[in-house]
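One structure is given here, and the rest of the page talks about it.
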Amino acid sequence: MKTNVKRELYRWSIIVLLAAILVGFTQCIGQKASLPSEYHSTGTVQVPSPGLEAERPDIVEEAPDIGVKDYERTLHTMSQLTGVPISGNVLTAYNDRLKAQLPYNSRIEGISETNILGAAKLASEFCDVLLNTAALRTQIWPAATFNFGQNSATFWGANSPTRPLFIQLMLQRFWGADVLPPEEYAEGQQVLDELVTAMTTAVEIDGATVAAPASNATTTLNVAKTLCTSALSSAQVILQ
């Protein structure tokens, strides 16, 4: 049952993320979100106000067998998987607008589209730092194999060896190597490969054709960041 829940949530998260990418959603969802009144700031990471547990017993109840990571566990999990510290732009985005969009407890039945988008946006912050920092990037994608200065047609081409290898190494890092059923990795590989195609070719939205982006190093890196965001905010990461 847990595998089925993870698979369905993974598909949902990919669909939501892909739709957001194709319509430029990430360009207009950066507005600051207000935190619920039960949160206060410590000056670094914002935490529930004292006494909240007494008012909200569901926050401290025993975690269910199938659950979702709450806001704090999501933050620290993404940091650990990417190697990106919780500081700078990541911490600012989390405190200012993303924390309020993440689950506040582990109850799977309460997860919403807002939670999934919040996880995707937080993952995007981590992936932006990861892919822009060579010392971190090479811990997952060795410089000897991956030249992110290549144009996208070479790096992400249908017959390029770097295309499937990038996805394979990323899934092994974010999802763990050989800890999930083989079909989950295969499905993830396929969906992310389709996402590469969608991002590097012309697409039709509401009857209008959106041209493919220019084949250059900027597109290469943008596609890498999107794949990273998708894998890092997938059910295999945010579920517990």
Side-chain angles (χ1 to χ4, degrees), residues 1-22 65-69 73-74 77-78 80-83 108 111 113 115-117 119-124 126-127 130-131 136-148 150 152-203 212 219-240:
M1 178 179 177
K2 186 172 183 178
T3 298
N4 291 335
V5 171
K6 290 173 70 175
R7 182 174 293 115
E8 290 306 313
L9 183 55
Y10 177 60
R11 288 181 178 138
W12 183 22
S13 63
I14 289 291
I15 291 170
V16 171
L17 180 61
L18 179 56
I21 293 165
L22 295 181
D65 291 336
I66 303 174
V68 61
K69 292 183 175 72
R73 293 188 66 186
T74 298
T77 296
M78 291 185 179
Q80 181 178 22
L81 293 177
T82 60
I108 187 67
I111 194 168
E113 182 177 329
N115 296 149
I116 291 177
L117 288 174
K121 286 184 281 184
L122 181 60
S124 178
F126 277 104
C127 288
L130 171 62
L131 270 300
L136 295 174
R137 189 175 64 209
T138 55
Q139 296 300 309
I140 304 176
W141 304 284
T145 303
F146 297 91
N147 177 10
F148 290 91
Q150 287 181 324
S152 55
T154 301
F155 194 101
W156 297 113
N159 298 318
S160 171
T162 55
R163 176 169 171 164
L165 185 58
F166 178 96
I167 298 173
Q168 178 186 352
L169 294 178
M170 178 178 63
L171 294 184
Q172 289 177 350
R173 175 62 176 258
F174 294 167
W175 296 2
D178 300 321
V179 298
L180 299 172
E183 58 267 24
E184 287 201 43
Y185 296 101
E187 182 175 10
Q189 187 93 24
Q190 179 183 349
V191 171
L192 292 172
D193 185 79
E194 292 172 356
L195 185 54
V196 174
T197 299
M199 293 193 67
T200 55
T201 58
V203 295
T219 299
T220 295
L221 202 58
N222 285 342
V223 173
K225 290 177 181 179
T226 300
L227 295 182
C228 174
T229 298
S230 179
L232 190 61
S233 60
S234 66
Q236 284 78 358
V237 174
I238 66 175
L239 286 185
Q240 61 182 17

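Just so it is clear, the structure is predicted and the values come from calculations on it, not from any experiment. Residue numbers count from 1 along this sequence.
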> Could you state the interatomic distance from CE (Met78) to CD1 (Ile238), rounded to the nearest 0.5 Å?
Replying inline: 7.0 Å
> Rounded to the nearest 0.5 Å, what separation is found between the CD1 atom of Ile140 and the OG1 atom of Thr82?
Replying inline: 7.0 Å
>> Please give me the minimum heavy-atom distance between Leu239 and Lys69, naming the atom from each residue.
In response: O-NZ, 3.0 Å
>> When you compare the side chain of Cys228 with that of Phe126, does any pair of heavy atoms fall below 4.5 Å?
In response: no
>> Which heavy atom of Tyr185 sits nearest to which heavy atom of Ala177, and what is that distance?
In response: OH-C, 3.9 Å
>> How long is the straight-line distance from CG of Asn222 back to CG of Leu227, given to the nearest 0.5 Å?
In response: 11.0 Å
> Roughly how far apart are Trp156 CH2 and Met199 CE, rounded to 0.5 Å?
Replying inline: 9.5 Å
> Roughly how far, to the nearest 0.5 Å, is the CG atom of Leu180 from the CD atom of Gln172?
Replying inline: 11.5 Å
> Which atoms form the tightest heavy-atom contact between Phe155 and Ser160, and what is the distance?
Replying inline: O-OG, 3.0 Å
>> Quick check: do Leu232 and Leu130 have side-chain heavy atoms less than 4.5 Å from each other?
In response: no
> So, Thr162 side chain and Phe146 main chain: donor-acceptor pair closer than 3.5 Å or not?
Replying inline: no
>> Tell me if a side-chain donor or acceptor on Thr220 pairs with a main-chain N or O of Ser152 at a distance below 3.5 Å.
In response: yes
> Looking only at heavy atoms, what is the nearest atom pair of Leu171 and Gln189, with distance?
Replying inline: CD1-N, 3.8 Å
>> Any heavy-atom pair between the side chains of Val179 and Gln236 that's under 4.5 Å?
In response: no
> Ser124 side chain to Ala120 main-chain N or O, any donor-acceptor pair under 3.5 Å?
Replying inline: no
> What is the minimum heavy-atom distance between Arg173 and Leu81, and which atoms define it?
Replying inline: NE-O, 2.8 Å
> Hey, what do you get for CD (Glu183) to CD (Gln190), rounding to the nearest 0.5 Å?
Replying inline: 13.0 Å
> What class does the angle between the rings of Phe166 and Trp141 fall in, given that below 30° is parallel, 30 to 60° is tilted and above 60° is perpendicular?
Replying inline: parallel
> How far apart are the closest heavy atoms of Ala231 and Ser234, and which atoms are they?
Replying inline: O-OG, 2.8 Å
> Do the side chains of Asn115 and Val68 get nearer than 4.5 Å, heavy atoms only?
Replying inline: no
